[in-house]
Amino acid sequence: MRRMHNVVALIDCNNFYCSCERVFNAALRHRPVIVLSNNDSCVVARSNEVKALGVKMGQPVFEIRDLIEQHDVALFSSNYPLYADMSARVMSTLASFAPRVEIYSIDESFLDVSHIRPECLDAYGHEIRETVWRLTGIPVSVGIASTKTLAKVANEVVKHNPCYQGVLNLIRYTEEELDELLASLTIKDVWGIGPRYAHRLQTSRNICTAKELKYTDEYWIRKRFSVVVQRTVLELRGIACIPLETEPKPKQGIMTAKSFGRPVESLVELEEAVSTYAARAVEKLRDQGSVAACISIFIQTNPFKADAPQYAGSLTRVLPFPTAFTPDFLGVVLDMVRSIYKLGCSYKKAGVFLSKIIPQEVLQADLFGDFSLEREAKKARLMAVVDIINHWWGHNTIFFGAQGIGRTWKMRQERRSPRYTTCWGEIVVVST
DNA sequence: TCTGGGGTCCTAGGACCC
DNA sequence: TCTGGGGTCCTAGGACCC
């Protein structure tokens with residue numbers, strides 16, 4: 001097979017979390033929908049109607065109480081089990097359309113569609129879109145181009161212009177047509193250009209549109225910014241610099257951090273919370289088959305409470321050898337919390353970060369002294385059993401004593417929809 | 001009352017070594 | 001008067017993404 005061009009399609013689920021809620025609740029189809037962050041505090045997903053009302057991503061929900069009431073907006077707590085499962089369905093559908101797929105986030109995938117004849121690309125895009133809709137009920141937008149950055153551009157344009165009916169293929173655009181399109185986009189709309197870079201580009205050389213960025217001297221960009229921004233410029237020119245990553249890379253750092261459902265003052269509760277986060281982080285570590293040697297924790301007060309005493313404490317500890325055995329971490333965590341705890345503070349958030357992560361197989365290579373492979377294997381078997389039980393019967397069916405049993409500090413989730421697809425007790429019932 | 005939770009990569013600068 | 005220079009490793013911080 002002769003391969004003329006690199007062709008990549010970006011498939012992006014529209015307002016993904018909101019769309020997931022709508023799949024199982026037809027009454028929401030024509031109602032504005034908002035999905036909230038942990039603790040039901042911020043807006044993390046908005047239906048089109050809500051975007052049209054001017055509600056911003058990340059906006060605290062208390063700022064828009066009136067708007068919500070006026071427009072009868074449906075509010076939901078984040079229902080991650082549902083979104084993760086719906087995502088898996090979308091992704092497995094997409095896998096049938098391309099030999100190489102990069103799952104970029106919970107709601108986006110890049111597909112290598114170089115095998116499709118150029119004149120068939122538009123139809124292929126529509127077929128992808130219709131198939132995903134039919135099999136999952138999730139609406140998606142499709143952007144097709146010669147680089148990932150341009151595919152992102154196409155997707156951005158599709159989302160804001162219903163005339164494209166969900167699919168834009170830039171491969172058939174001439175350079176002039178493409179430039180005209182890029183001239184209509186601001187640099188903030190370009191993947192990789194955030195608010196800081198946008199501001200610096202504007203003030204230093206009056207670069208405002210995607211087209212202007214495309215024709216900016218790449219070496220000046222490299223010098224003033226970084227190789228990352230240089231790549232963005234080249235990608236806008238149709239030179240692919242960001243390869244498709246089809247294999248998920250094991251994470252180099254694993255974080256579990258959350259705000260509390262209410263302020264926490266006591267050391268005991270803080271110990272429970274940080275232990276719970278640590279246990280969850282180590283669980284994620286095992287999920288990807290890794291071990292870690294380094295753990296950091298932090299606790300902090302509420303920075304928005306200007307009149308209350310403010311404090312942020314953090315600490316890092318290195319273990320004698322890398323492990324994924326929860327008690328090995330819990331042992332040091334309690335000690336760490338005690339040493340950064342400050343009496344008289346009202347804590348709002350805490351977190352745990354694991355680093356110095358290596359694959360479990362590598363562990364055996366070069367360890368001496370205290371370390372016994374046999375003992376580690378035994379620990380691993382114990383954790384495997386814990387994981388299986390929790391996987392089967394649900395999170396935290398069994399857990400460690402240090403995590404506490406009350407957990408009244410846990411985040412609030414007062415508006416969670418049923419876990420329609422992952423929990424037998426909450427499955428949709430059709431009655432006659 | 002109420003303000004998210006994950007990740008990535010790159011660069012600059014200091015420590016250290018020869 | 002006048003204080004090397006280059007390589008490597010590590011860390012902190014800054015930028016971005018969803």
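Each chain gets a letter, A, B and so on, in the order the sequences are listed, and its residues count up from 1.
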Which part of the nucleic acid, if any, lies within contact of [X], taking any heavy atom under 4.0 Å across all strands shown: a base, the sugar-phosphate backbone alone, or nothing?
{"X": "A/Glu108", "value": "sugar-phosphate"}
{"X": "A/Ile106", "value": "nothing"}
{"X": "A/Ile254", "value": "sugar-phosphate"}
{"X": "A/Lys348", "value": "sugar-phosphate"}
{"X": "A/Val35", "value": "nothing"}
{"X": "A/Gly253", "value": "sugar-phosphate"}
{"X": "A/Asn39", "value": "nothing"}
{"X": "A/Arg280", "value": "nothing"}
{"X": "A/Asn302", "value": "sugar-phosphate"}
{"X": "A/Glu63", "value": "nothing"}
{"X": "A/Pro263", "value": "nothing"}

> Between A/Met57 and A/Ser226, which has a closest nucleotide on DNA chain B that is more 5'?
Replying inline: A/Met57
>> Judged by each residue's nearest nucleotide on DNA chain B, which is more toward the 5′ side, A/Phe304 or A/Phe225?
In response: A/Phe304
Taking the side chain of [X] as its heavy atoms from C-beta onward, which of [options] lies nearest to it?
{"X": "A/Cys42", "options": "C/dC18, B/dG7, B/dT3", "answer": "B/dT3"}
{"X": "A/Ser41", "options": "B/dT3, C/dC18, C/dT11", "answer": "B/dT3"}
{"X": "A/Ala257", "options": "B/dG6, B/dT11, B/dG4", "answer": "B/dG6"}
{"X": "A/Phe62", "options": "B/dT11, B/dT3, B/dG6", "answer": "B/dT3"}

> Using the ring of each side chain (for Trp, its six-membered ring), is A/Phe260 parallel, tilted or perpendicular to A/Tyr277, with breaks at 30° and 60°?
Replying inline: parallel
> In terms of the angle between their ring planes, are A/Tyr347 and A/Tyr311 parallel, tilted or perpendicular, with boundaries placed at 30° and 60°?
Replying inline: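 Perpendicular, since the angle between the ring planes exceeds 60°.
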> In terms of side-chain heavy atoms, does A/Ser47 have a donor or acceptor partner in A/Asn15 at a distance below 3.5 Å?
Replying inline: no
> Do NZ/NE/NH1/NH2 and the carboxylate oxygens of A/Glu426 and A/Arg416 come within less than 4.0 Å?
Replying inline: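 Salt bridge flag = yes for A/Arg416 with A/Glu426.
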[N] phosphate, OP1 or OP2, under 4.0 Å from [X] side-chain N/O:
{"X": "A/Lys284", "N": "B/dG6", "answer": "yes"}
{"X": "A/Gln252", "N": "B/dC9", "answer": "yes"}
{"X": "A/Ser105", "N": "B/dG7", "answer": "no"}

> When you look at CD of A/Gln70, are more than 12 heavy atoms from neighbouring residues, nucleotides or ligands closer to it than 6.0 Å?
Replying inline: yes
>> Between B/dC17 and C/dT3, how many Å separate the two P atoms, rounded to a whole number?
In response: 24 Å
